[in-house]
Each structure stands twice: as C-alpha cells, then as structure tokens.
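For reference, the structure discussed in these notes is given below.
Hydrogens, waters and symmetry mates play no part in the numbers below; they use all other heavy atoms, side chains included. Given the structure is predicted, the values throughout are model-derived calculations rather than measurements.
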Amino acid sequence: GPAGRARLGASRGHSRYAVHRTAAGSPHSRRDLRLTGPPTMLITAAVVPGPPAFVAELMGSAAHELDDLRHAADSVVSQAVSDCVAASADSAISDAGSSQLVIVGPGEPGEFNPLGPVSFASFGRDVVVPALVGATDLSSQGEHGVTDGRRLPTPLMVARHLASRDVAAHPDHADLWASARWVTTNNTEARALGESLGKDAAQIALIMVADGATCHGPKAPRAEDSRAPAYEDEVCVALASGQPDRLAQIDDNLGRELGATGPQIWPVLIAAADGDWVGELVWSGAPYGVGWAVAAWRRPTTDMSVARA
C-alpha cells in the first residue's frame, strides 16, 4: 500500500541498525537566530516530515492512507513536549532555567509567530487550524498565519497542525506551545542555532520538520532518481543511531540534488546534540514519491518509552 511501515526499536550508538524500506517573524532578527538569554541545553528532539497531507481534511477519501504516519508523528511530538514538561517540573533541575520548545523548519532564516488561526486554503480546501489554547501574544500575526507580512512556510504550517493535535490530546502541553519559538534556518545559520541550543541551563525540546528526497519512483514530484533509496536509507540509519557524527556523514550535496530539505536543518541537531543519544526510527517510507521519516532522539538517562496512545 502507499503508506510506510512503523519502524519501532531504539539504538544506543551501536554501529549496525536494521532499517527496512517500504517499496515504492516577528520583530526578531531574521539572520541571527541563536537563542539569547541564559545558556540552554537540548534534552530531547523529534524529527517529523512536513507534508500538507498530514492534514486529513485535505486528503479526502485517501486520508486513511497516512494514518500510521500521523500516529507516529503525534507520538514523537507528544513525547518531546512531555519530556520538556517533566524537565521543568523536576526539582533536581528546575532551578537551572526554564523549559523552551523550539520548532525548526528549512528555509531562509526567520522567526514566526503562528499562535493564531492558520489556514490551509492555499492547498485547495478551506481548512483552518484554530488558535493555540493559551496564546495571548498575537500582535505580530496577521490573518491565518501571516507574520509581519510573511506567510508561514509550509513545514511550520504542518508543525502548527501537529501542535493543535498535541494540545487537544494533552491539555497540559498548552503553555509550552504558547511560548514556543518557531524558526526557519539553513546551512551555517543552522549550525549557529544548534550550538546555542547545546549549552546548559534552560531545558530545550527540539522539533525538526524536514522531508527527504523528492524523486522516489515514477509518481514522485521530480524525475525519478535511482540514488534516492540509498540516500534515504543512510538518513534513516543515522536517525536510528542517535549519533550526531553519523548524521554529519550524510552527503548534503547529494541530498540537495535529490530535493531533500533535511540537509538545511541537520546542522541544528548535529551541533546541539552532544555525544551519543538514544535514537529511535519510528516510521519511514515514501508513499507519494517523497522520503519521509519520523524519529526521536533522547538523552540516554531519559526513559525511552514513547507515548503511542
């Protein structure tokens, strides 16, 4: 079928992983997006793709084809936010600084404020994601996701949809989402952002939104490229490994040639995640000719159970 299969199982920096494939802006500076204030520490990260197809209402009768992908994304996003909530409440570390949720997508460096309603009308159906519960600072957001005249990039629109799903299932997550930072970045700016996330004080949960190669099979958005499956396997193995060095070994130039957006933001995770983490590849596939992966990275001392309810 068109949907991928769940890839369940964690790794602790081992050298081999089994990865089975499915057949086929606000007023902040737009150039310096490094977090300011107290030093920060990344405690958990989730990786999800950013297709509008996540929004079931846009898919009509085909919506069910991506149910497993939606469930996997909901799981890793919910767990990342839960980890951040728990870190904030933990008496042993709560004095070190506040908790912060940071959502990162690929694109020209910028920061957005998508707390109000977000419309997917540009994708053919008048679907509007409601304002986030608890959001009060909507001063820089215009109608349906426009921030200071800049329309919300598609990856952040999709993340915003996931945010509403998470808050609906976990009302106690609302405050973190309401105070989250929503940024786009790429290349050297991405590394600078990652370095600022990797320092120690505030507890950071990172949600990264990126797609893989856009040339899997004859129905892909771009001309089919025989190099795409091997590239996707390498990405999946790196995400499963929990090793920043493994992720850094991926051929970024090849990824860009294949239309992947991951190379724009992988430097954030590579720079922020010190040492080996516990990686879990939860889902991967290319159901519509684009490589998508869902993964979670957590510090080895963190409980590895991923919520799937």
Side-chain angles (χ1 to χ4, degrees), residues 3-8 10 43-59 63-90 99-105 113-120 125 127-136 138 144-145 152 154-182 203-210 280-285 292-298 302-309:
R5 295 181 180 178
R7 316 287 193 247
L8 304 180
I43 60 169
T44 184
V47 176
V48 297
F54 259 130
V55 184
E57 294 84 353
L58 297 179
M59 296 292 291
H64 68 281
E65 295 177 355
L66 296 181
D67 282 347
D68 287 347
L69 172 59
R70 294 185 189 97
H71 178 67
D74 287 341
S75 296
V76 297
V77 167
S78 172
Q79 186 62 67
V81 182
S82 293
D83 286 347
C84 206
V85 170
S88 180
D90 191 328
S99 293
Q100 177 76 66
L101 183 60
V102 181
I103 301 90
V104 179
N113 177 27
L115 303 183
V118 173
S119 172
F120 281 83
R125 300 199 178 191
V127 177
V128 177
V129 178
L132 281 172
V133 175
T136 57
L138 306 181
H144 293 169
L152 193 65
T154 299
L156 295 190
M157 290 176 67
V158 172
R160 179 60 179 75
H161 170 69
L162 293 175
S164 288
R165 287 169 64 95
D166 181 56
V167 172
H170 306 279
D172 59 313
H173 291 178
D175 287 346
L176 268 177
W177 283 110
S179 62
R181 289 189 64 184
W182 301 76
Q203 315 301 310
I204 299 293
L206 179 63
I207 296 176
M208 306 185 66
V209 188
E280 183 181 15
L281 181 66
V282 180
W283 191 98
S284 67
W292 294 333
V294 177
W297 280 26
R298 308 175 75 192
T302 305
D303 179 9
M304 274 301 299
S305 60
V306 175
R308 292 187 170 83

(request) To the nearest 0.5 angstrom, please state how far the SG atom of Cys84 sits from the CG atom of Asp175. (result) 12.0 Å

(request) State, to 0.1 Å, how close Ala53 and Leu66 come at their nearest heavy-atom pair, and which atoms those are. (result) CB-CD1, 3.5 Å

(request) Identify the heavy atoms of Gly50 and Val209 that sit nearest to each other, and give their distance. (result) CA-CG1, 3.5 Å

(request) Report the C-alpha separation of Trp297 and Leu206 in whole Å, then their side-chain angles, then the decisive distance to 0.1 Å, and conclude whether the side chain to side chain contact (heavy atoms under 4.5 Å, CB included) test is met. (result) CA-CA 10 Å; Trp297 280 26; Leu206 179 63; over 6 Å; no

(message) Tell me the closest heavy-atom pair linking Ala180 and Ile103, and the distance in Å.
(response) CB-CD1, 3.6 Å

(request) Starting at CG of Leu152, measure out to CG of Asn113 and round the result to the nearest 0.5 Å. (result) 9.5 Å

(request) Measure the CH2-CG distance between Trp177 and Leu162 for me, rounded to the nearest 0.5 Å. (result) 7.0 Å

(request) To the nearest 0.5 angstrom, please state how far the CZ atom of Arg298 sits from the CD1 atom of Ile43. (result) 9.5 Å

(request) Please check if the side chain of Ser179 supplies one atom and the backbone of Leu176 the other of a donor-acceptor pair under 3.5 Å. (result) yes

(message) Once side-chain contact (heavy atoms from CB on, under 4.5 Å) is applied, do any residues pair with Pro49, and if so which ones, sequence neighbours excluded?
(response) Pro51, Phe54, Leu69, Asp211, Trp292, Val294

(request) Sequence neighbours left out, what passes ring-ring contact (aromatic ring centres under 6.0 Å, His included) with His173? Give chain and number order. (result) His170

(message) Would you compute the distance between atom CG of Leu101 and atom CD1 of Ile207 and round it to the nearest 0.5 angstrom?
(response) 4.5 Å

(request) Calculate, to the nearest 0.5 Å, the distance between atoms CG and CG belonging to Asp166 and Leu132 respectively. (result) 10.0 Å

(message) Run the side-chain hydrogen bond (donor to acceptor under 3.5 Å, both in side chains) test against Ser164 and tell me which residues pass, sequence neighbours left out.
(response) Arg160

(message) Which heavy atom of Phe120 sits nearest to which heavy atom of Val158, and what is that distance?
(response) CZ-N, 4.2 Å

(request) Compare every heavy atom of Ala296 with every heavy atom of Val76, then report the nearest pair and how far apart it is. (result) CG1-CB, 4.0 Å

(request) Identify the two heavy atoms, one from Arg125 and one from Leu58, that lie closest to each other, and give their separation to 0.1 Å. (result) CB-CD2, 3.9 Å

(request) Could you list the residues that satisfy side-chain contact (heavy atoms from CB on, under 4.5 Å) with Ala63, not counting sequence neighbours? (result) Ala56, Met59, Arg70

